[in-house]
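See below for the structure under consideration.
Just so we're clear, the structure is a prediction, and the values are computed from it rather than from any experiment.
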Amino acid sequence: MSTFWSLYRVELAAHHRRPGRTKHTLVNHSGKHDFPPFKILTICVPGNTTDQGYYLMYEPETGPGTDTWHQTLDGAMAQAEWEFGVARHEWIKTDCPY
């Protein structure tokens, strides 16, 4: 069973900012590393409820991804728009387990 429910998804294309305006860093046992370029963004909620906010999931070309938390759906979409230039009409409704 998935712990997250996917609401919207967008695949980053040539017209999007890559890398984005925010630098995401992975820290693990081998040190501090930049994430590989992100290729997909997904907006998820915990379980199947919006009571706990919205997660903007960043999926890189390879390896593990990261996320940011937003109080509202509009906040998550605004972050993707500011960071990568994702327009609101580009999001595809998913409504499925993540």
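In this structure, Leu26 CG and Thr66 OG1 are separated by 8.0 Å, a value rounded to the nearest 0.5 Å. Put simply, OH on Tyr54 and OG1 on Thr72 are 7.5 Å apart, with the number rounded to the nearest 0.5 Å. In this structure, CE in Met57 is found 12.5 Å from CD1 in Ile40, a value given to the nearest 0.5 Å. In this structure, the separation between CG on Leu41 and OG1 on Thr68 is 9.0 Å, given to the nearest 0.5 Å.
What you find for Pro60 and Gly65 is that their closest heavy atoms are CD-CA, 3.5 Å. Taking every heavy atom of both residues into account, Ala76 and Leu56 meet most closely at O-CD2, 3.8 Å. In terms of heavy-atom proximity, Thr42 sits nearest to Glu59 at OG1-OE2, 2.9 Å. Residues Pro36 and Thr62 approach most closely at CG-O, 3.4 Å, considering heavy atoms.
Of the possible polar contacts, one joining the Glu90 side chain to the Ala87 backbone as a donor-acceptor pair under 3.5 Å is found. The backbone N or O of Cys44 sits nowhere less than 3.5 Å from a side-chain atom of Ser6 that would complete a donor-acceptor pair.
In this model, no donor atom of one side chain and acceptor atom of the other lie less than 3.5 Å apart for Glu83 and His16.
Side-chain atoms of Ile43 and Met77, non-hydrogen and from C-beta on, do get closer than 4.5 Å to each other. Using a 4.5 Å heavy-atom threshold, the side chains of His33 and Thr25 count as separate.
The same ILVMFWY cluster, assembled from side-chain heavy atoms under 4.5 Å apart, contains both Trp69 and Tyr98.
Salt-bridge formation is not detected for the pair Glu81/Arg17: no Lys NZ or Arg NE/NH1/NH2 atom is positioned less than 4.0 Å from an Asp or Glu carboxylate oxygen. For the pair Arg88 and Asp74, the salt-bridge criterion is met [side-chain N within less than 4.0 Å of a carboxylate O].
Of the options His24, Arg18, Glu61, a side-chain contact (heavy atoms from CB on, under 4.5 Å) to Phe38 is made by His24 and by none of the others.
Within a 6.0 Å radius of CD in Glu11, other residues, nucleotides and ligands contribute 12 heavy atoms or fewer.
Residue pairs meeting the salt bridge (Lys or Arg N to Asp or Glu O under 4.0 Å) criterion with at least one member in residues 30-43, sequence neighbours excluded, are Lys23-Asp34.
By the side-chain contact (heavy atoms from CB on, under 4.5 Å) test, Pro19 is found to be paired with no residue, residues two or more places apart in sequence or in another chain being considered.
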message: Between Val45 and Leu7, does the side-chain contact (heavy atoms from CB on, under 4.5 Å) criterion hold? Intermediate values first, please.
response: CA-CA 7 Å; Val45 292; Leu7 300 177; 3.7 Å; yes
task: Please assess Thr22 against Trp82 for the test side-chain contact (heavy atoms from CB on, under 4.5 Å), listing each intermediate value before the final yes or no.
output: CA-CA 9 Å; Thr22 302; Trp82 176 83; 3.2 Å; yes
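Ring geometry, Tyr58 versus Phe84: the interplanar angle falls from 30° to 60°, so the pair is classed tilted.
Aromatic rings from Phe4 and Tyr55 are positioned such that their centres are separated by under 6.0 Å.
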